[in-house]
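A quick write-up on the structure given underneath.
Model, not experiment: these values are computed from the prediction.
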Amino acid sequence: MKVAVDQDRCVGSGQCVLMAPDEFDQRDEDGIVVLLDEFPPTELHDDVRQAARVCPALAIELDES
């Protein structure tokens, strides 16, 4: 799995951090998403998928090919 985030779309809701705290963080100054690992380990894949589903701005893109 490869993960990408669009910081321009992010609204800083923090849902991704709640779902997958080992994969996502937020900038202190504005709450915008920070991707911690472009290629997360297999054990995080379900959490990352859930984070992408709940993102209100659809700012998380997954490539599972």
Side-chain angles (χ1 to χ4, degrees):
M1 171 186 287
K2 181 178 179 182
V3 182
V5 296
D6 185 341
Q7 291 183 328
D8 291 333
R9 290 184 85 167
C10 178
V11 295
S13 74
Q15 296 302 307
C16 58
V17 178
L18 293 173
M19 295 291 119
D22 293 328
E23 180 65 12
F24 303 102
D25 201 353
Q26 290 177 282
R27 295 190 306 216
D28 289 334
E29 62 272 13
D30 57 8
I32 297 300
V33 66
V34 175
L35 181 63
L36 300 177
D37 187 354
E38 184 178 16
F39 298 99
T42 304
E43 61 268 14
L44 295 181
H45 287 191
D46 287 340
D47 292 344
V48 172
R49 286 184 195 102
Q50 180 67 14
R53 280 192 294 273
V54 301
C55 177
L58 303 175
I60 301 170
E61 295 182 27
L62 305 179
D63 182 353
E64 300 200 54
S65 57

Whether over 12 other heavy atoms sit under 6.0 Å from Gln7 CD:
yes
Roughly how far, to the nearest 0.5 Å, is the CD atom of Gln15 from the SG atom of Cys10?
11.0 Å
Acceptor/donor pairs from residues 48-56 side chains to any protein atom, 3.5 angstrom cut, sequence neighbours excluded:
{"unit_1": "Arg49", "atom_1": "NE", "unit_2": "Glu64", "atom_2": "OE1", "d": "3.2"}
{"unit_1": "Arg49", "atom_1": "NE", "unit_2": "Glu64", "atom_2": "OE2", "d": "3.0"}
{"unit_1": "Arg49", "atom_1": "NH1", "unit_2": "Asp46", "atom_2": "OD1", "d": "2.8"}
{"unit_1": "Arg49", "atom_1": "NH2", "unit_2": "Glu64", "atom_2": "OE1", "d": "2.6"}
{"unit_1": "Gln50", "atom_1": "OE1", "unit_2": "Arg53", "atom_2": "NE", "d": "3.3"}
{"unit_1": "Gln50", "atom_1": "OE1", "unit_2": "Arg53", "atom_2": "NH2", "d": "2.8"}

Do Glu23 and Asp47 have side chains that get closer than 4.5 Å, going by heavy atoms?
no
Residues 31-42 side chain polar contacts: donor-acceptor under 3.5 Å, at least two apart:
{"unit_1": "Asp37", "atom_1": "OD1", "unit_2": "Phe39", "atom_2": "N", "d": "3.0"}
{"unit_1": "Glu38", "atom_1": "OE2", "unit_2": "Lys2", "atom_2": "NZ", "d": "3.3"}

Between Phe24 and Val5, the two heavy atoms sitting closest are CE2-CG1, 3.9 Å
Would you say Asp30 has more than 12 foreign heavy atoms packed within less than 6.0 Å of its CG?
yes
Quick one: do Val3 and Val17 end up in the same hydrophobic cluster if we chain Ile, Leu, Val, Met, Phe, Trp and Tyr together by side-chain heavy atoms under 4.5 Å apart?
yes
